[in-house]
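Naming: A, B, ... by sequence-line order, numbering from 1 per chain.
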There are 2 protein chains.
Amino acid sequence: MSITEFLSSIVPFTQDELNDIQSHFKKELVPKNQILVHQGDICKTLYFMEQGMGRSFYTNENGKEITQWFFGIGKFMTSADSFFQQTPSLYNLEVLVDSVVFSISKEDIDQLFAKYHKMEKLGRLVTTEMLTKIVNKLNAIQFQTAKERYDYMLAEFPQIAYQVPLGHIASYLGMSQETLSRIRK
Amino acid sequence: MSITEFLSSIVPFTQDELNDIQSHFKKELVPKNQILVHQGDICKTLYFMEQGMGRSFYTNENGKEITQWFFGIGKFMTSADSFFQQTPSLYNLEVLVDSVVFSISKEDIDQLFAKYHKMEKLGRLVTTEMLTKIVNKLNAIQFQTAKERYDYMLAEFPQIAYQVPLGHIASYLGMSQETLSRIRK
DNA sequence: GATTTCCTTTGACCTATGTCAAAAAATGAC
DNA sequence: GTCATTTTTTGACATAGGTCAAAGGAAATC
């Protein structure tokens with residue numbers, strides 16, 4: 001899914017608007033395992049995942065990596081806090097397979113928000129959608145058994161569930177890798 | 001905190017704009033324990049909590065009430081999904097003490113979003129803030145001990161923590177009331 | 001101010017899931 | 001194809017926090 005297709009699917013931009021908006025995005029090929037943002041950095045770029053997948057994760061006190069979110073095709077990938085409030089990111093952003101992303105700087109997207117009311121609306125709608133998804137995850141984590149949480153994962157990220165290391169999924173779901181391995185049987 | 005103060009604190013509206021916007025909100029006095037929205041209803045109204053506090057909660061398969069969020073003074077209170085996507089609410093919205101709220105309908109706020117770019121921006125910023133808070137809760141729930149989660153609660157809702165029944169807080173934090181009671185000692 | 005109802009605490013016991021360690025399987029490098 | 005590395009599975013054991021039941025306290029109602 002191209003970025004213009006994505007934008008148009010949410011708000012009806014004119015062709016001129018789309019051209020202008022698109023011109024602020026830069027296409028990048030990112031190789032597997034590359035870290036786009038490091039924990040502690042201020043995230044200055046928003047990424048749109050055209051092809052591939054990524055995750056956000058942090059390293060806890062015991063040096064263990066905890067996956068916080070997965071990003072599939074057609075999603076914006078960023079450390080939302082850090083990007084929008086320009087505060088140090090709690091997370092690393094990592095690309096999990098060779099990927100194609102479109103990137104845009106904070107200044108540029110703020111300019112687009114200011115220039116186009118429609119773009120601001122898109123920002124609001126995308127954020128609302130993210131909010132809904134996080135609430136769903138929260139419910140899964142808070143009140144479901146390990147088995148049910150895995151089912152939630154399969155429903156939410158069907159394409160990702162079978163392509164990333166088990167440990168990433170386990171930490172995303174808030175359980176140990178051993179438990180997830182036992183569940184999957 | 002009045003609604004106009006709140007709006008102005010986020011985006012610099014002119015006095016005329018504020019007057020117009022405010023005219024779409026209706027002040028309501030809501031008595032303690034009133035349910036504003038029932039689980040399963042489509043949430044047609046957004047509430048701004050001027051005075052008082054509320055919560056969202058649902059009743060699970062075993063008939064137990066699970067608190068999902070608390071709403072303090074100066075916050076918007078709604079079942080975000082239900083209101084913005086006009087889908088059945090997963091939650092009840094309940095006022096916990098006698099409260100003063102400003103309410104606005106979905107149609108009216110959509111009109112305001114459409115009329116004022118600044119209002120759309122406000123919507124985006126408020127949603128982003130909510131997103132950040134939910135992510136914080138998620139982290140607390142997912143990776144912290146019961147004790148640490150209670151500390152998170154005290155930090156996030158200091159004024160609320162001592163004013164609502166223990167059971168509401170326990171379910172909000174994803175633990176049993178007995179566990180919370182033991183922790184508090 | 002007595003009664004009823006609701007809320008909180010305490011105790012005893014149980015279980016889902018964590019941790020640690022090692023084996024087995026899969027993947028990647030040469 | 002072989003060796004090295006990474007990932008997944010398995011087993012044994014530990015524990016945080018759950019459940020159930022009952023007793024105390026607080027607070028609303030008459």
(message) If we ignore hydrogens and angles and just use 3.5 Å, is the side chain of A:S89 paired with the main-chain N or O of A:S82 as donor and acceptor?
(response) no
(request) Go through DNA chain D in 5' to 3' direction and return only the first and the last nucleotide with some atom under 4.0 Å of chain A's heavy atoms. (result) D:dT8 to D:dA12
With sequence neighbours left out, write down each residue that passes side-chain hydrogen bond (donor to acceptor under 3.5 Å, both in side chains) with [X], or none if nothing qualifies.
{"X": "B:T78", "result": "none"}
{"X": "B:S2", "result": "B:T4"}
{"X": "B:T145", "result": "B:E148"}

(message) Under 4.0 Å between a side-chain nitrogen and a carboxylate oxygen: does that hold for A:R124 and A:E129?
(response)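 A salt bridge is absent here (no side-chain N lies under 4.0 Å from a carboxylate O).
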(message) Angle between the end axes of the helix from C:dG1-D:dC30 to C:dC30-D:dG1, five pairs per end, to the nearest 10 degrees?
(response)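 Answer for the end axes of this duplex: 60°.
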(message) Can you list, in residue-number order, the parts of residues 146-168 of chain B that come under 4.0 Å of DNA chain C, counting heavy atoms only?
(response)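 Only B:P165, B:L166, B:G167 qualify.
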(message) If you take any heavy atom closer than 4.0 Å to DNA chain C, which residues from residues 173-185 of chain B end up in contact?
(response) B:Q177, B:E178, B:S181, B:R182, B:K185
(request) Check the hydrophobic clustering (I, L, V, M, F, W, Y; side-chain heavy atoms under 4.5 Å; chains of links allowed) and say if B:L138 and B:L90 are grouped together. (result)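 B:L138 clusters together with B:L90.
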(message) Checking one residue: B:I35. Which other hydrophobic residues are in its cluster under the side-chain 4.5 Å linking rule?
(response)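 Reading the cluster by chain and number, B:I35 sits alongside B:F57.
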(message) Counting primed atoms plus P, OP1 and OP2 as sugar-phosphate and everything else as base, spell out the protein contacts along nucleotides 22-30 of chain C at 4.0 Å heavy-atom distance: B, S or - for each nucleotide, 5' to 3'.
(response) ---------
Pair up each side-chain donor or acceptor in residues 175-182 of chain A with any protein partner under 3.5 Å, not counting sequence neighbours, and list the distances.
unit_1 : atom_1 : unit_2 : atom_2 : d
A:S176 : OG     : A:T179 : N      : 3.2
A:S176 : OG     : A:T179 : OG1    : 3.0

(request) Keeping to residues at least two apart or across chains, list the ring-ring contact (aromatic ring centres under 6.0 Å, His included) pairs with something in residues 24-54 of chain B. (result) B:F6-B:F48, B:F48-B:F76
(request) Hey, could you give me each pair passing ring-ring contact (aromatic ring centres under 6.0 Å, His included) that has a residue in residues 108-155 of chain A? Not counting sequence neighbours. (result) A:H117-B:H117
(request) Can you see which heavy atom on A:C43 is nearest to which on A:V37, and at what distance? (result) SG-CG2, 3.7 Å
